[in-house]
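Below, chain A is the first sequence line, B the second, and so on; all start at residue 1. These numbers come from a predicted model, not from an experiment.
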Amino acid sequence: MPARTPEPGGDPHERRLSAEEFAAALERHSRLFWTMAAGVLGDPSEAEDIVQEAALMAWRKRSGFDPETSFPAWMGRFVRFVALNQARKRSRRATHPVDPEGMAELVADEEGGLEPQPVGPKGELLASQSAFDDRVLAGLEELGPVPRAALLLRSILGLTYREISEALDVPEGTAMSHVHRARTKLRDVLGTATGGAPLVEKKA
Amino acid sequence: MRNRVDQRRFEAWLDGLLEGDEKAEFELRLEEDEELQEELSLHRSVEEALLRSFPVPRSPLAHLSAQELASLEEPLPRVPWRLTLQRAAAAVVLIAGGALVSTLWHERPATVHEQAAGGRPAFDPISAADYAAEPAGCDLLEPLRPDLESLYASIIELPVPQGTCSDQEEAGSDGLARLLASRYGTEFRLTPGADRSLFGPHSSEEWPSGMVLSGYPDGPEALPVVLIAEDDSYHSCCVHAAASPESGLQVYTWRVGDVLLTELSPHDEPRFLESFRVAP
């Protein structure tokens, strides 16, 4: 590894970020960290708490950050660490998942019949948006935490593969491969959910 | 989608990676091909569903201000002179104890590998030369090098494909041996009586490699990591980078058949590698 030129005054690691610099860097990338946390967990509900906990952990260990390197890459490790820990805690207390379709039927039976299905302009039956979203979420659950986070960073924030690779600390080709496989998986899940028929209505 | 090539091209177009004739050709096809249009429609619907399901707040950390961070700075506590004396006494006892343990340790019988190597350890501890050979890998974990907790986090988050366990606590030693056998076509067996609990495996489809995390019953501070790779892949770079001299960790490598096993350990000798043998 090429040796770094020491900064005047000693080791670059010794130049700590000030609270203002740290808070500014956090703020600048906070949407990225939030999406990463939500992606690792597969659930947005705790993402903000995860990012906050990671930020405090990173702040305490900021002496390990070299200001010449990437802040999102460094901070991203804390976010993933906290999120993965939380995911493991969840999996330990996980119960059997409830099939959303089964639940809908159960609720419909209790309420005395099925809800009318939405119908398109030509009278065709449209897939319910929330049912579609549920299936997308179910497909996301089948992905690993990092591919899921990679997909969300690409789809929601529109990051480039280089940015994703930096944030997730994986090579760029791997980031691309994660997104590709995640998309393929989702397509497969959504395809089989309707027995191969397209689940979404065609757009004009 | 008709095949993988189509899928790749479709995604390359989505990602804005197609240019010139290739892009024009694809867009022409998109206009004519209903299946491709359905694919695009599905893709857009998925992206919209993701946006609905993961509404990113405008400023998720707005309430964490610089003042709040600054208030977390803890002043160094004043140490009373009595406590200082107690610590000095404890340090003397520890040093004396360490010297005694060291003497006893060097009188222990040689391990199987040391015997095989004529009394010399068969494992090569990491040296500066290892870093010189893998500059990219060395950069990967550098900021957190001395931090075992973060190192562990960096390792466990590596991609885990479907079909292997997704939590390192799920697999037992037998499962690990079976996976290694299927992955490498080599029969492994674990050393009888090994008292380690093997956690893992973690592996990736991108690289023909796998990783095993191991825990000891005597405490979480012992965090050896075994890396299994068929070549010097990304994973091994990570581990080498993490085991810098500053980290206090050692890397021990051992080739079993065609597989390179690497143990990252806080201990003065490998404790894990002996668990693996190529079956006779």
- Identify which part of A:Val51 has an atom lying under 4.5 Å from any heavy atom of chain B, answering side chain, backbone, both or neither. both
- With sequence neighbours left out, which residue pairs that include part of residues 25-57 of chain A fulfil the ring pair (Phe, Tyr, Trp, His ring centres under 6.0 Å) condition? none
- Message: I'd like to know which of B:Leu51, B:Asp15, B:Leu40 tops the heavy-atom pair count under 4.5 Å against chain A.
- Response: B:Asp15
- Query: Say you draw a straight line from CG of A:Asp134 to OG of B:Ser53; how long is it, rounded to the nearest 0.5 Å?
  - Reply: 8.0 Å
- Drop me the distance from B:His43's NE2 to A:Ser155's OG, to the nearest 0.5 angstrom. 6.0 Å
Between [Y] and [X], is there a side-chain heavy-atom distance shorter than 4.5 Å?
X        : Y        : value
A:Leu186 : B:Leu42  : no
B:Val46  : A:Arg183 : no
B:Glu11  : A:Met176 : no
A:Leu151 : B:Leu50  : yes
B:Phe54  : A:Leu152 : yes

- Query: Any idea which heavy atoms bring B:Val56 and A:Arg31 closest together, and the distance?
  - Reply: O-NH1, 3.5 Å
- Task: Could you pull out the closest heavy-atom pair between B:Leu14 and A:Arg154, with the gap in Å?
- Result: O-NH2, 4.2 Å
- Item | Those residues that, when tested against A:Tyr161, pass ring pair (Phe, Tyr, Trp, His ring centres under 6.0 Å) (two or more places apart) | none
- Query: Is it the side chain or the backbone of B:Leu17 that comes within 4.5 Å of chain A heavy atoms, both, or neither?
  - Reply: side chain
